[in-house]
Each structure stands twice: as C-alpha cells, then as structure tokens.
Amino acid sequence: MEKLLIKGGNNLSGKIKCSGAKNAALPMIAATILSDEKIILKNLPYLQDITTIFELLGSMGAEILLDENMNFTISSSNLKDIEARYELVKTMRASILVLGPLLAKYGKAKIALPGGCAIGTRPVNFHLDALKQLGAEINLKNGYIEASAKKLQGNKIKFDGVTVTGTENLMMAATLAEGRTILTNVAKEPEIIDLAEMLNSMGAKISGAGSDEIIIDGVESLHRTEYVIPADRIEAGTYLAAAAVTNGNITVEGINPKRLMKVIYKLNDAGAQISHDENSISISMKKDRPRPVDVTTAPFPEFPTDMQAQFSVINAISNGTSNIYETVFENRFMHILELNRMGCDITVQGNHAVINGVPSLYGAEVMATDLRASASLILAGLCAKGETIVDRIYHIDRGYERIEEKLNYLGADITRLPS
Ligand code: EPU
C-alpha cells in the first residue's frame with residue numbers, strides 16, 4: 001500500500017489552481033443516464049471516485065471517450081444492464097446516485113445497498129422514501145435495492161432529513177416524471193445548484209435549486225450538453241487550511257469564494273488574513289499560532305462537515321481551547337486518535353471534540369481512515385517537527401487530485417512511497 005512521507009516545518013507559499021469538484025462531478029456523470037444523446041463533461045478531476053463511477057456506467061453499457069483535451073464524452077443511451085453491483089458500491093457510496101436516473105429513464109434499477117462506512121451509518125432511507133412518493137416500488141432483497149416504476153409521477157415531497165445525494169437523486173428522477181415535483185427540506189449545497197444548471201442545459205425545467213424549495217416540471221426527454229465541472233470548494237478549503245497551519249501565504253485560483261464563506265470567516269477568526277476576488281482566495285497567516293475557533297458543522301450554508309477534520313489541526317496548534325461539534329455524521333472523529341499520536345491534546349465525547357492547543361506537533365506513523373481524515377493527517381504532518389508517514393492513502397486519492405504535487409509546488413516536502 002502506498003504511503004506519504006512528509007517532512008514537516010516548511011512554510012507554504014505561491015499559487016495553485018483548484019481542480020474540478022468531485023461532489024459536483026459524480027451526480028453529473030450519473031445524470032448522463034437520463035439522456036439518449038452524448039454529454040460532454042470538461043474539467044473532470046483525475047480521482048479514484050471518478051474512475052469508479054465510470055467503471056459503474058461502463059459495466060452497464062455506457063460508452064466513455066476521453067479526447068486529447070481531457071474532455072469526456074459520455075453516451076449512456078441504451079444501457080443493457082441496470083445493476084450497480086456490490087463490488088463497486090462498497091468502494092463508493094455515491095454509486096447510489098444512479099438510482100434516480102435509472103428509475104426515471106428505464107423504469108427499473110437494482111443497486112447494492114451501501115453498508116455503513118468509516119464516518120457513520122449513512123443510510124439511504126430518505127432517498128428511498130422520496131422515490132416511493134414519486135410512485136416507485138422499492139424492495140430490499142439480498143442486500144440489493146430493487147426499484148421499479150411504470151412512469152414516475154410528480155408529487156410534493158418533504159425530505160425527512162437534509163441529504164445532499166438524496167436531493168440530487170430526486171432532482172434527477174423528477175426531470176423525466178409526469179407533471180410537477182416540489183421538493184422541500186432539501187440540501188442547498190452549491191453542487192445542487194451546479195447539477196440543476198447542468199440538467200437545465202439538457203432541457204430540464206428546474207427552479208429554486210439552492211433555496212428551501214426545488215420545483216421540477218417533468219419533460220419527455222433530455223438532450224445533449226457540454227458542461228464544465230466547477231472548482232472543488234473543499235479542495236480549496238483544505239489548501240487554505242494547510243497555509244493556516246504552516247504560517248503560509250498562498251493563493252488558490254479558480255474558486256468562487258461565495259462557496260466557502262463560513263470557512264473563510266473561521267480562518268479569519270483563527271487569525272489569518274484573507275482576501276479574495278470572484279475567482280480566487282488568498283490567505284496569509286502571520287501569527288505564530290492560530291487563535292482557537294469553535295466550529296459546528298451543518299448543511300450549507302453553515303460550516304461544512306468536509307472541512308471539520310482540517311480545522312481540528314488548526315485548533316490543535318492554536319494558543320487556546322476550542323470546541324468542535326459534528327452534527328452531520330455521527331462518527332467523523334476517527335482522525336482524532338491519530339492526531340493525538342502526533343502530540344495533539346484532543347478529547348472526544350459523542351459529537352463534541354475539545355481541543356487544547358499545543359505549541360507544536362511531532363511526526364509519527366499514522367493511518368488514514370477516510371478522505372477528509374487523510375487530509376487532516378497531511379496537514380498535521382506539514383506543521384509537525386520531523387517526519388510523518390501517512391498510511392492507507394488510497395483514501396486521499398479518492399478525492400484530492402495530485403495532492404502531494406500541489407503541496408510540493410507550494411514548498412512542502414512530501415514523497416509518495418511505493419507499496
Ligand atoms: N442520512 C440519512 N438517511 C438518508 C440520507 C442521509 O439518515 O437517506 C443522514 C446521513 O447518515 C448523514 C446526514 O443524513 O448523517 C447527511 O448525509 P447526506 O446524505 O447529506 O450525505 P451524502 O449525500 O451521502 C454528501 C457528500 C459528502 C458530504 C455530505 C455532507 C457526495 C458524493 N458526498 O454525502 O462528501 O460529507 O454530503 O455534506 O456529495 C466527502 O467528500 O468526503 C464526503 C463525505
């Protein structure tokens with residue numbers, strides 16, 4: 001298994017460009033199932049999760065072509081097989097995103113039920129309950145979701161809880177349903193707006209994405225489109241946090257700061273100077289140690305759970321005590337035990353972490369448990385004294401494009417050790 005060797009202590013400086021957003025790209029690739037025409041996606045990030053969803057579509061019979069400009073042309077018409085097998089779903093829960101499109105387009109779908117994962121139980125009951133309200137018949141059998149519908153029927157649906165991929169699944173399914181669907185208690189993440197824009201560019205009639213209520217008027221079919229995947233706000237936030245823990249001075253280009261306002265405010269509170277224009281964010285951390293900042297995660301526009309682990313590291317080296325409350329996932333503190341092995345002083349009780357800042361961390365051998373946990377271990381390694389080895393980095397390759405190359409470009413010293 002490959003590992004990352006990080007020699008800590010370098011200040012980061014310079015400019016880097018944000019890659020395309022994984023969590024925007026995944027539903028967009030699933031959305032290609034809705035059309036019989038070719039869909040061109042540009043600026044897709046080179047990530048394991050993207051490979052996995054392509055593998056899934058490929059296994060169903062989709063054609064995926066990559067041109068010399070790194071644009072993907074996806075043709076998901078006439079899929080032969082409408083099954084997402086467990087081998088793929090177990091490696092990526094977002095495979096559930098093909099459920100809504102398959103039901104809407106083919107009237108049936110068989111998707112392996114995702115199991116629990118490292119950050120929580122993560123059931124899909126909100127997706128299934130909502131799809132039933134569009135008229136789908138859903139049975140759980142032998143570890144699979146078996147869904148069918150003659151023709152989905154628009155309906156007024158209030159989600160039982162806010163879910164990002166659930167909102168996306170329903171939005172996609174409702175584009176080809178008969179009549180009007182009104183979704184409430186929806187997720188408002190920027191990726192929801194991106195997906196609605198892409199679907200509308202294919203001829204869908206969706207309004208209200210990004211607000212509390214999404215209205216979808218069903219259409220007969222969706223046509224070809226070309227769409228550019230927007231920048232990854234969590235990748236951008238992770239690099240800003242890396243600068244905050246290394247007394248760095250960096251600019252992340254290609255990112256709209258409106259997608260990251262809560263993170264920017266918290267970085268400011270931690271003592272960083274932030275400036276931004278419409279398409280880039282700069283950070284300069286002159287203070288010796290960050291100020292402690294309390295953080296409570298919650299759905300957008302509140303502080304993103306996907307930035308919680310990175311802020312654990314900022315707080316870990318701060319000059320005081322802070323509290324982090326994780327309200328989105330019930331088990332997203334797996335990185336804390338590993339961080340404590342690097343000298344952090346963090347205690348966790350339920351969904352609450354109390355972090356006593358320490359003057360410095362020291363390198364150690366640590367193990368990544370999930371994507372954002374891996375990012376936090378790399379950040380800790382960047383500011384620790386000595387050498388850190390991060391094991392199980394396949395987690396990081398799922399969601400960060402060329403992370404060590406980008407950080408080394410900013411002055412870090414990271415080597416990928418072969419397995
Ligand atoms: N939930 C249910 N039932 C459901 C759906 C969700 O109880 O049917 C619960 C979950 O267990 C969780 C909460 O609701 O406690 C929110 O989960 P949500 O469904 O919003 O998460 P998701 O759609 O599975 C997406 C991102 C995650 C990100 C979360 C929250 C994608 C592909 N994944 O997951 O990204 O953390 O929203 O913002 O968009 C990551 O990139 O590292 C990552 C985990």
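In each ligand, atom 1 is the first atom listed, and ligand 1 is the first ligand listed. In this chain, numbering begins with 1 at the start of the sequence shown.
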What residues form a salt bridge (Lys or Arg N to Asp or Glu O under 4.0 Å) with Asp217, not counting sequence neighbours?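 For Asp217, the residues satisfying salt bridge (Lys or Arg N to Asp or Glu O under 4.0 Å) (neighbours in sequence not counted) are Arg180.
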For [Y], is there any backbone N or O sitting under 3.5 Å from a side-chain donor or acceptor partner on [X]?
| X | Y | value |
| --- | --- | --- |
| Gln133 | Gly135 | no |
| Ser35 | Thr32 | no |
| Gln310 | Thr238 | no |

Go through the steps for Tyr144 and Tyr86 under the test ring-ring contact (aromatic ring centres under 6.0 Å, His included), then give the verdict. CA-CA 8 Å; Tyr144 276 78; Tyr86 183 58; 7.6 Å; no
Any idea how Tyr325 and His352 line up, ring-wise: parallel (<30°), tilted (30 to 60°), or perpendicular (>60°)?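 Aromatic pair Tyr325/His352 classed parallel.
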Enumerate, one pair per line, all nitrogen or oxygen atoms of ligand 1 lying under 3.5 Å from a protein nitrogen or oxygen, stating the separation to 0.1 Å; write 'none' if no such pair exists.
unit_1	atom_1	unit_2	atom_2	d
ligand 1	3 (N)	Pro123	O	3.3
ligand 1	3 (N)	Asn125	OD1	2.7
ligand 1	8 (O)	Pro123	O	3.2
ligand 1	8 (O)	Asn125	N	3.0
ligand 1	8 (O)	Asn125	OD1	3.2
ligand 1	8 (O)	Phe126	N	2.7
ligand 1	15 (O)	Val328	O	2.5
ligand 1	19 (O)	Thr163	OG1	2.7
ligand 1	20 (O)	Val164	N	2.8
ligand 1	23 (O)	Thr165	N	2.8
ligand 1	23 (O)	Thr165	OG1	2.6
ligand 1	24 (O)	Arg122	NH2	3.0
ligand 1	34 (O)	Arg122	NH2	3.3
ligand 1	35 (O)	Asn23	ND2	3.2
ligand 1	35 (O)	Asp306	OD2	3.3
ligand 1	36 (O)	Asp306	OD1	2.6
ligand 1	36 (O)	Asp306	OD2	3.4
ligand 1	41 (O)	Lys22	NZ	3.0
ligand 1	41 (O)	Asn23	ND2	3.0
ligand 1	41 (O)	Arg372	NH2	2.7
ligand 1	42 (O)	Arg332	NH2	3.4
ligand 1	42 (O)	Arg372	NE	2.9

